Amino acid sequence: MVKLNIDGKTVKVLEGTTVLKAAEQAGIYIPTLCAHPQLTPYGGCRLCMVEVEGAGTLQPSCTLPVTEGMQIKTNTKKILDARKFVLTLIFSERNHFCMYCQVTDGDCELQNAAYDESMTHWPLQPNWQPYEVDASHKFFVLDHNRCILCRRCVRACNELVGNFTLGFKERGANSFLVADYGVPLGESTCISCGTCVQICPTGALIDRQSAYQGKEIEVDHHLSVCVDCSIGCQRDVLTRDNRLIRIEGDWDTSLNHGLLCEKGRFEPLAKECNRILTPLVRKDGSLKAATWDEAISAIIEKIKPLTGKKEKGLAVLASSRLSTESLALIDEVFNQGFEAAIVTSIEEDQTSSVAAEIAKELGKPFESKLDVLKDTDVALVLGADLATDHQVAGFFLKRQQASGTKLIVAGTKENRFIDKANLKLQQTKGTSLDLIESLTAALVELRKAKVEDLKAADALYSSSEKTGLAIDSLLKTAEYLSSAKKPVIVYGKGFVSNNNKVALKALLEFAALIGKNGAPLVGVKGQANSMAAAQLMLVKPFKADSVQAVYLALGDEIPTKKLTKDLENVPFVAVHAAYSSQLTANADVVLPAAIWAEEEGHYLNSDGRLQKNVKALEAPENVLDTVTTLQKIAELLNVKTKGDWKSQLLARVSSVEITQG
Amino acid sequence: MKAVRSMVLISNDTESIALGANEVFSAFQQKIQDYGLSDEISISFISDIGHNSAAPLVIIYPEAVIYGPVKPDDVLDIVEEHLDKGHIVERKLVPAHELSEHLTWLSSRKGTLPAENRIVLKNVGLIDPENIEDYIALDGYQALGTVLGKTPAETISIIEDSGLRGRGGAGFPTGLKWSFVAKTHIDKKYVVCNADESEPGTFKDRLVLEGDPHAIIEAMAIAAYAVGADEGYVYIRGEYRLAIERMKVAIKQAREYGLLGKNIFSSKFSFDLHVHAGAGAYICGEETALIESIEGKRGEPRSRPPYPTTFGLWGKPTLVNNVETLANIPAIIRNGADWYRSIGTPSSPGTKVYTILGNVNVTGLIEVPMGITLREVITIYAKGMKGGTFKMAQTGGSSGSIIPANLQDTPMDFDSFKTASVSLGSGALLICNEEICVVDLAKVLLNFFRFESCGKCNPCRIGCQKSFEILSNIAEGIGTLQDLEDLQMMANQLYELSNCGLGQTAGSPLKDILTYFHAEVESHIRLKVCPADTCPMSGKTIYHVGQEVKITREHGA
Amino acid sequence: MAKPKVASDWLSGCAGCHMSLLDIDERIIALTELIDLRATPITDLKEPDKDGVDVGILEGCINNTYNEEVAKRMRERCKILVALGDCAVFGGVPAMRNFSGAGEALKRAYIETESTDSEGKVPSDPELCKPTRVKAISEVVHVDVFVPGCPPSADVIFYVLSELAQGRMPELKGNMLDWH
């Protein structure tokens with residue numbers, strides 16, 4: 001511990017702490033612009049200067065490490081003059097016109113800093129040279145007039161996301177933010193994660209869809225979770241007058257620390273679908289508006305006769321975007337109560353089921369939390385395209401490459417994440433087991449592990465041939481993993497496709513051979529509530545020609561072409577959906593559903609966190625949420641429900657320990 | 001080494017080449033062959049020996065005469081008369097007064113005035129830099145051998161005792177810096193030579209790199225041994241193509257002779273060097289920006305602490321020294337710390353290479369003991385003002401100080417300068433007469449700074465630009481009294497708030513012209529008059545330099 | 001002691017700041033007990049007293065030479081000059097034409113507007129668009145008090161005037177400081 005004195009206050013902090021953080025701990029506020037708690041200090045804006053006894057000039061507190069006995073002053077006249085000078089210079093460098101900027105009146109850190117120093121005017125005139133506005137990107141706009149060159153966006157793109165798209169060109173007064181080598185943002189390698197927009201202190205980077213629609217003082221915040229994939233990032237949903245304004249990450253959250261990807265941040269607002277606003281029943285060949293009672297009666301009429309029928313009976317399909325409450329109720333009503341022919345989720349290639357089965361066999365969880373991805377020196381990624389799905393997990397890995405972390409990615413040629421790897425293993429389709437066998441053999445060849453009755457050289461040769469990978473790459477992979485201090489292995493749906501339990505089992509054994517204590521295993525699963533669906537055993541394969549009727553709890557999911565086609569020939573189809581589609585147009589009864597923001601519920605993410613998606617909007621009139629709808633149906637079916645979803649969820653062992661998120 | 005009767009050295013610095021040095025070289029080769037003297041006479045190139053008004057120069061040993069400027073047509077006479085018959089060709093000799101004082105073999109000046117004393121430039125002009133044997137013949141690599149017989153700690157003591165201070169501009173005690181790196185207990189350390197030399201008006205390092213590269217190699221090896229490093233980089237600015245080439249050749253030869261690489265002189269000490277070319281940024285002369293550049297990143301200075309001595313290249317302890325500093329090392333080891341202390345002043349021992357530029361009769365480089373005064377430099381070495389009277393001198397390159405007439409007698413060493421609040425910097429001396437306007441001079445300097453600023457910190461990036469605009473407005477005759485206050489504020493805050501030395505010293509010209517030449521600046525504003533008659537004073541309304549706003553009537557009126 | 005004299009004028013502005021001043025409603029009665037309101041664009045006297053006033057208030061920015069003259073005249077005739085509103089302090093809305101330049105602005109105004117008939121011509125008066133760049137008042141004369149806002153709220157204006165009326169310099173900070 002180091003003891004120092006700030007403005008007369010004695011502070012004790014850990015060695016290596018900066019003066020800025022020490023002041024924060026002591027409750028003393030020092031203004032900053034380029035500093036951010038999530039980023040390494042930059043020391044460029046010079047707003048955080050402090051007086052250090054014994055130093056000839058003012059020092060930047062954000063980069064200065066504390067020393068024993070330091071005497072610091074944070075608000076002398078010299079410092080206040082310096083702050084005004086720095087702000088004066090920043091205003092004069094480009095064109096900071098507050099009057100038509102969307103972040104004025106509280107959302108601009110530059111303006112707030114000026115207010116804090118009681119600045120009433122600009123002592124130096126602005127540049128008056130117009131700078132360009134880059135509006136080429138689909139989701140946000142970059143206005144260079146408002147940029148203060150703090151580099152927060154560049155550092156975020158590098159350190160937090162690991163995408164390295166943003167950078168600076170030229171130097172001095174010609175310094176300029178660029179994407180890649182100077183291309184418009186819309187044509188760059190930007191992956192639209194929006195971290196730069198979130199971290200920009202001024203209105204230089206602004207979200208298009210929410211521009212001018214709600215200042216901080218006008219919006220309501222709802223701390224919730226994303227339901228676009230099984231990572232379940234925590235996010236903040238901003239609404240105003242029952243309208244969705246913007247989705248942001250919250251820097252203080254523990255799983256994703258404020259990061260989101262384009263699916264969770266931008267796409268929910270970019271959706272252009274038609275809402276279904278009234279129940280519909282097919283009469284005389286076409287769908288006509290009806291009341292809820294009429295519609296539900298029409299459903300009951302057709303499905304009640306199929307109670308308990310296993311052949312040519314009722315299939316109940318559920319979207320794994322639905323909350324655990326909904327899924328558990330579906331299970332309770334239709335599996336246990338109604339005893340339908342089949343009750344399952346519509347997620348193709350259900351990735352969580354294999355893991356659940358293995359957990360059952362082992363009798364305990366075997367996967368680790370996503371947190372292990374944040375600090376690793378060698379990561380092996382198997383069959384997971386983290387550049388397309390579950391992107392935030394990809395961020396955790398990509399961003400460590402600059403400091404030496406080795407990323408090894410194995411997958412088929414469609415896998416876009418392979419591009420990012422230090423060691424690229426592009427394998428033939430369907431060779432997951434062969435890959436693990438070759439890697440195990442490689443480990444044994446390198447004498448890093450012992451496996452009984454394994455002729456390593458032969459196994460290595462024959463298995464590698466099937467995978468299409470060079471033996472060299474396999475040996476190198478084994479070498480990296482075995483000499484790593486903090487190895488991790490990640491697997492995704494590409495690895496366990498076609499319910500490849502054997503491959504996953506082999507992977508478990510392989511992971512145990514690595515290093516002294518084995519390598520932790522992380523599975524990224526599929527949709528938002530895949531894990532819950534697996535826990536509730538809603539994971540059976542569905543064949544459309546074996547059923548008489550289908551009840552589909554679709555929620556706000558967009559149905560695939562395959563599903564639409566499959567249901568075309570089913571005699572009776574009832575859908576509970578939010579958006580109209582070909583599938584709903586073909587259906588016999590359509591019930592309007594709430595979307596994710598209108599329905600509260602719990603979600604179990606891929607590493608076992610039980611998190612709550614909070615209700616942020618009121619559904620339109622005449623639209624009911626899934627639970628209420630199911631309860632109505634249950635009532636008319638005379639099925640009694642307890643609604644104890646938690647017990648149902650925890651009834652089985654899960655592949656990763658379930659914790660309260 | 002082959003024994004020859006005569007040696008012909010032809011200068012091949014950039015200017016000489018432009019004036020036909022290559023053709024002169026070929027002519028010599030041809031003519032010497034014609035006369036059948038190829039076995040007895042060696043011809044080679046040397047780089048600039050510190051003076052180039054008579055380029056290309058041809059120096060012939062053992063007579064030690066210097067011919068210049070030499071054209072290919074003159075070669076026949078020189079070969080026939082001098083090399084074959086032994087008669088000096090008087091008409092082609094460089095006029096004595098321009099050169100004679102620059103050559104070490106002249107006896108020391110009698111009397112009380114200090115004489116030139118070449119330590120750093122000892123071999124420059126005397127040897128073929130692309131021949132390691134020349135260097136060895138003149139006591140080369142002897143110091144390295146001596147040091148390997150001592151302990152690293154003893155080596156550092158010698159340097160500390162000598163009182164050598166960094167010659168890049170900061171004047172930090174070299175021995176102390178070495179001890180900081182030496183006492184870190186990390187497995188990997190680096191030694192870096194800062195040969196980025198971008199200070200305007202300074203070309204002292206170039207002479208050493210082009211004319212005596214082995215001195216640097218030897219010095220770096222000694223430094224590496226002393227601090228515990230096994231790898232080094234010579235960071236040479238990209239524009240110095242000849243220096244980069246020569247250094248690469250020198251390193252190759254040193255490796256061939258076992259003076260670089262594993263187990264040097266059969267000891268346990270191994271050391272090797274890489275040459276890294278800069279890419280055109282003055283800021284990369286700042287040691288942490290230089291390190292960032294070697295690492296492949298933008299040349300932006302790091303926040304300090306931590307300093308490179310504990311956290312430098314790739315996070316390892318790194319010693320960064322200037323070329324001129326290193327060039328002193330072999331001599332100090334060979335002759336001892338006391339010898340070094342006997343030259344110069346107590347606070348600043350040794351010699352300094354000064355570059356003399358400006359409105360004087362003789363320009364060029366001199367190497368004299370520290371402590372010489374500006375007046376002595378002007379009168380003895382520069383042979384007086386070339387027209388007009390002394391008005392001011394700008395020392396240390398662009399980030400030095402502006403010295404008015406009344407400070408001409410300040411001894412030029414680190415401490416005396418500091419007490420007079422002026423900076424010695426890299427030793428460039430720009431001597432100005434009354435035809436130079438202070439506003440114009442400051443404007444030119446600030447133009448340099450705003451172009452070279454790395455752009456990381458606000459005060460420097462924006463402050464240099466704004467100061468330049470203000471000075472331009474003053475030079476155009478549209479300055480206001482508020483501008484004087486703004487310039488003073490810029491100068492103060494640039495020093496107070498900048499992240500590195502560039503920003504900190506960018507304000508010096510502003511501070512100095514306001515301190516020493518306030519009336520001249522004010523007359524630009526109040527009277528709209530430039531006393532030196534240099535500034536345009538056109539009164540054109542220029543709001544930002546280069547952006548002149550006019551109304552065009554072509555669309556219809 | 002005589003009441004301090006206050007005069008105001010407007011340059012290139014929308015007069016909104018003066019309207020905001022009027023929004024102090026009945027407080028103007030209390031104010032006029034402390035100050036002697038002399039010339040304003042909305043009262044009878046149009047020019048600040050030749051022998052000077054204590055406080056001069058200017059709204060709007062410098063867009064032509066007449067604005068410059070008025071600003072300089074006010075500066076000569078007052079002890080404390082107040083720049084009222086974003087146009088006066090920053091250049092405000094008129095300054096937006098600095099980004100496209102005088103030429104573009106003239107073209108837009110005289111030739112390209114939707115209501116211009118067939119042959120628009122930019123008039124050839126030498127005073128037109130001189131100076132070419134719109135300036136904040138402080139670029140032309142020295143300003144003592146800056147009151148930003150578009151417009152500054154009536155409360156802020158009342159605070160500023162009452163402070164000046166009682167011989168103090170107003171200090172705008174906290175929720176009285178609003179640039180937008």
Side-chain angles (χ1 to χ4, degrees), chain A residues 16 18 33-34 40-49 51 55-67 78-79 81-94 123-129 148-151 154 158 167-176 402-404, chain B residues 279-284 289 296-306 311 314-315 447-470 482-483 485-486 489-490 492-500 502-504 506 543-547 549:
Chain A
T18 58
L33 277 172
C34 70
T40 54
Y42 186 58
C45 73
R46 316 312 272 185
L47 192 60
C48 67
M49 309 300 270
E51 267 187 41
T57 58
L58 295 177
Q59 300 294 317
S61 58
C62 64
T63 54
L64 188 62
V66 295
T67 54
K78 194 191 226 187
I79 291 174
D81 284 344
R83 286 187 200 158
K84 279 211 180 66
F85 176 74
V86 166
L87 291 169
T88 302
L89 283 186
I90 296 177
F91 280 114
S92 75
E93 182 175 27
R94 294 203 175 174
L124 288 177
Q125 282 301 299
N127 196 312
W128 297 114
Q129 298 255 38
I148 60 171
L149 289 84
C150 66
R151 272 83 160 183
V154 175
N158 299 348
F168 258 68
K169 72 171 181 182
E170 303 284 338
R171 61 167 188 249
N174 292 331
S175 296
F176 203 78
S403 49
Chain B
Y282 167 74
I283 187 62
C284 286
K297 303 190 236 163
R298 259 176 89 86
E300 287 182 358
R302 298 175 176 172
S303 305
R304 287 144 283 136
F311 186 89
W314 291 301
N447 189 30
F448 173 77
F449 283 123
R450 72 157 180 161
F451 185 71
E452 296 291 342
S453 166
C454 77
K456 172 174 175 174
C457 74
N458 289 324
C460 174
R461 180 183 77 238
I462 316 175
C464 290
Q465 173 71 25
K466 289 291 163 187
S467 303
F468 175 66
E469 288 172 9
I470 295 173
Q482 178 64 35
D483 288 339
E485 279 184 44
D486 287 342
M489 181 175 65
M490 293 287 173
N492 296 340
Q493 300 287 26
L494 274 168
Y495 175 71
E496 195 72 47
L497 303 175
S498 294
N499 183 42
C500 79
L502 191 158
Q504 278 163 359
Y543 299 102
H544 297 284
V545 179
Q547 184 204 6
V549 186

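None of these values were measured; they are calculated from a predicted model.
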* Asked: What part of A/Leu124 is in contact with chain B, defined as an atom under 4.5 angstrom from a non-hydrogen atom: side chain, backbone, both or neither?
  ->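 Only the side chain of A/Leu124 comes within 4.5 Å of chain B.
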
Side chain, backbone, both or neither: which part of [X] has a non-hydrogen atom closer than 4.5 Å to chain A?
X	answer
B/Arg302	neither
B/Tyr495	both
B/Glu300	side chain
B/Gln465	side chain
B/Asp486	side chain

Separation between [atom1] of [X] and [atom2] of [Y], rounded to the nearest 0.5 Å:
X	Y	atom1	atom2	value
B/Ser498	A/Leu58	OG	CG	11.5 Å
B/Leu497	A/Arg83	CG	CZ	11.5 Å
A/Asn127	B/Glu469	CG	CD	7.0 Å
A/Met49	B/Gln493	CE	CD	9.5 Å
B/Asn458	A/Arg46	CG	CZ	9.0 Å

Shorter than 4.5 Å, heavy atoms on both sides: which option in [options] has the most such pairs with chain B?
options	value
A/Pro123, A/Pro41, A/Cys45, A/Cys150	A/Cys45
A/Gly43, A/Gly167, A/Ala82	A/Ala82
A/Leu149, A/Asp81, A/Val86	A/Leu149

* **Axial cation check for B/Phe451 ring with A/Arg171, 6.0 Å and 45° limits** =>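 Ring-cation test returns yes.
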
* **Minimum heavy-atom distance A/Ser175-B/Cys454, with the two atoms named** =>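 Nearest heavy atoms, A/Ser175 then B/Cys454: OG-O, 3.9 Å.
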
Taking [X] for its side chain and [Y] for its backbone only, find out whether a donor-acceptor pair lies under 3.5 Å.
X	Y	answer
B/Glu496	A/Thr57	no
B/Lys466	A/Ser92	yes
B/Arg298	A/Glu170	yes
B/Lys456	A/Tyr42	yes

* Between B/Arg304, B/Gln504, B/Gln482, B/Met489, which shows the greatest number of heavy-atom pairs under 4.5 Å with chain A? ->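 Highest number of pairs under 4.5 Å: B/Met489.
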
* Asked: Would you call A/Leu89 and B/Met490 a side-chain contact if the rule is heavy atoms closer than 4.5 Å?
  ->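 A/Leu89 vs B/Met490: side chains touch.
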
